[in-house]
Amino acid sequence: MSVTDEQPVLLKVDGPITRIVFNRPKVLNALNVAAAEAFLAACKSVAADSGNRVVIIAGEGRAFMAGGDVSTFQGPAEEVRKRVPTIMEPLHEGLEILAGLPQPVIASLHGPVAGAGMSIALSTDLAIAADTAIFTLAYSKLGTSPDGSSSWSLPRLVGLRKAMEIALLSDVYDAPEALRLGLVNRVVPAADLASETEKLARRLADGPTFALGKAKALLRGSLDNSMHDQMEAEAVAFGACIGTADFAEGVGAFLAKRQPTFKGK
């Protein structure tokens, strides 16, 4: 077994783009304790890397992620109650880190996107899916409620009524339906998923990433703000952007009728 095979999550840095890749392909990347802890470590590493401009989350093998490792849930209730937080807590901490990053986070989805896998996908800023991907929240089929922030993100993406249906029934949705519902931003042929994800990531990495980070924070906080408070936050963010080289470049390029070259600062 290679070192790569032994690592439940891979961290791949390619210039300004960092990939967090779930790497338990033999079990469809099912999330266990080691994978959850490795995911958190990867998220912390991304947050500490000042050179990073875009994050991609993906899965090795035939799936993005088929959910939590159900074998963890076997046994007496008191034992399971002690065991589950060892997966849930690092997962939740990692997702909070990614949500708070100024960098855009893209989910690149293929195969089964189920349970915790769907929760992770819903938590990202943008999602691109292969046309063969399938989606199900799945928790109700195990007799449990959702985790991984899906109960927060799902109503915000599809509305409360549809979120209730997706969570309570745990139906399976194909990629075109996921696109129609707003669960993903784009659907591409499976053979093109890697290249289309790369293209999207490069486009974002070449953008004004300081401004993109401010936009991300504004949008993520908007549903908790009054209109007045949101506009106050917009004014503060806009003011911060004014002091950047990217702002000067964007204005100059617009007036000169040329394409801007942003540096992310």
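In what follows, residues are counted from 1 in the order of the sequence shown.
A salt bridge links Glu198 to Arg202: one of the charged nitrogens lies within less than 4.0 Å of a carboxylate oxygen. No salt bridge links Asp206 with Arg53; every basic N to acidic carboxylate O contact stays at or beyond 4.0 Å.
Separation of atoms OG (Ser222) and CE (Met227) is listed at 12.5 Å; rounding is to 0.5 Å. Taking CD1 from Ile106 and OG1 from Thr124, the interatomic distance works out to 8.5 Å, rounded to the nearest 0.5 Å. Of the inter-residue distances, the one linking Ser149 atom OG with Leu95 atom CG reads 5.0 Å to the nearest 0.5 angstrom. The CD1 atom of Ile166 sits 8.0 Å away from the CG atom of Leu137 when rounded to the nearest 0.5 Å. To the nearest 0.5 Å, atom CG of residue Leu98 and atom CG of residue Asp125 are 8.5 Å apart. For the atom pair CG of Asp171 and CZ of Phe135, the computed distance is 14.5 Å after rounding to the nearest 0.5 Å.
Contact record, Pro155 with Ser151: CD-O, 3.2 Å, taken as the closest heavy-atom pair. Considering all non-hydrogen atoms of both residues, Ser123 and Ser153 come closest at N-OG, 4.4 Å. Of all non-hydrogen atoms in Gly61 and Pro25, the two that sit nearest each other are CA-CB, 3.9 Å. The minimum heavy-atom distance between Ala130 and Ala175, with the atom names listed, is O-CB, 3.4 Å. The shortest non-hydrogen separation linking Gly68 to Ala116 is N-CB, 4.1 Å. Smallest separation of non-hydrogen atoms from Ala63 and Asn29: O-ND2, 2.9 Å.
Other residues, nucleotides and ligands contribute only 12 or fewer heavy atoms inside 6.0 Å of the CD atom of Glu96. Annotation for Arg62: atom CZ does not count as buried by contact number, only 12 or fewer foreign heavy atoms lying within 6.0 Å. When the shell of 6.0 Å around CZ of Phe238 is examined, it contains 12 or fewer heavy atoms from other residues, nucleotides or ligands.
Looking at Thr136 and Ser170, their side chains never bring a donor and an acceptor atom within 3.5 Å of each other. Side-chain contact check for Ser150 and Tyr139: no donor-acceptor pair (N or O, by modelled atom type) lies under 3.5 Å. Donor-acceptor pairing under 3.5 Å is recorded for the side chains of Asn52 and Gln103. Using modelled atom types, one finds a donor on one side chain and an acceptor on the other under 3.5 Å when comparing Ser71 with Asp69.
Between the side chain of Ser140 and the main chain of Gly143, no donor-acceptor pair closer than 3.5 Å is present. A donor-acceptor distance shorter than 3.5 angstrom exists from the side chain of His92 to the backbone of Gly148, with no hydrogens or angles considered. In terms of modelled atom types and a separation under 3.5 Å, the side chain of Asp174 and the main chain of Glu177 share a donor-acceptor contact.
In the hydrophobic clustering of this structure, Leu28 does not group with Phe22; members are Ile, Leu, Val, Met, Phe, Trp, Tyr whose side-chain heavy atoms approach within less than 4.5 Å, directly or through other members. Val9 and Val54 sit in two unconnected hydrophobic clusters of ILVMFWY residues. Membership requires side-chain heavy atoms under 4.5 Å apart, directly or through other members. Grouping the Ile, Leu, Val, Met, Phe, Trp and Tyr side chains by contacts below 4.5 angstrom, directly or via other members, places Leu11 with Phe64. Tyr173 and Ile120 fall within the same hydrophobic cluster, defined by Ile, Leu, Val, Met, Phe, Trp and Tyr side-chain heavy atoms under 4.5 Å apart, directly or through other members. In the hydrophobic clustering of ILVMFWY residues, with side-chain heavy atoms under 4.5 Å counting as a link, Val184 and Val158 come out together.
Evaluated for a salt bridge (Lys or Arg N to Asp or Glu O under 4.0 Å) with Glu60, the options Arg24, Arg19, Lys12 yield exactly one hit, Lys12. Of the residues Leu109, Leu183, Ile134, the one that meets the side chain to side chain contact (heavy atoms under 4.5 Å, CB included) test with Met118 is Leu183.
Side chains of Ile17 and Ile56 form a contact here, defined as non-hydrogen atoms less than 4.5 Å apart. The shortest side-chain heavy-atom distance between Pro104 and Lys216 does not fall under the 4.5 Å cut-off. Considering only heavy atoms from C-beta on, Ile87 comes within 4.5 Å of Leu31 through its side chain. Side-chain contact between Leu223 and Arg156 is present, with at least one heavy-atom pair separated by less than 4.5 Å. Side-chain contact between Val46 and Cys43 is absent, with no heavy-atom pair separated by less than 4.5 Å. Within the 4.5 Å cutoff, the side chain of Asp131 has no heavy atoms near those of the Pro176 side chain. Taking the side chain as every heavy atom from C-beta outward, Leu160 and Met164 approach each other to under 4.5 Å. Counting only heavy atoms from C-beta outward, the side chains of Leu40 and Leu91 never approach each other to under 4.5 Å.
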Inset, instruction - Report the C-alpha separation of Ile128 and Val188 in whole Å, then their side-chain angles, then the decisive distance to 0.1 Å, and conclude whether the side chain to side chain contact (heavy atoms under 4.5 Å, CB included) test is met. - result: CA-CA 7 Å; Ile128 183 169; Val188 300; 4.0 Å; yes
Inset, instruction - For side chain to side chain contact (heavy atoms under 4.5 Å, CB included), just list the numbers for Ile20 and Leu10, CA-CA rounded to whole Å, side-chain angles, deciding distance to a tenth of an Å, and then say yes or no. - result: CA-CA 6 Å; Ile20 297 173; Leu10 306 177; over 6 Å; no
Inset, instruction - Decide yes or no on salt bridge (Lys or Arg N to Asp or Glu O under 4.0 Å) for Glu79 and Arg83, but give the supporting numbers first. - result: CA-CA 6 Å; Glu79 290 183 13; Arg83 204 178 302 139; 3.4 Å; yes
Inset, instruction - Assess whether side chain to side chain contact (heavy atoms under 4.5 Å, CB included) is satisfied between Leu193 and Ser108, documenting all intermediate values. - result: CA-CA 7 Å; Leu193 179 62; Ser108 184; 3.5 Å; yes
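Sequence neighbours left out, the pairs with a member in residues 252-265 that pass salt bridge (Lys or Arg N to Asp or Glu O under 4.0 Å) are Glu249-Arg258.
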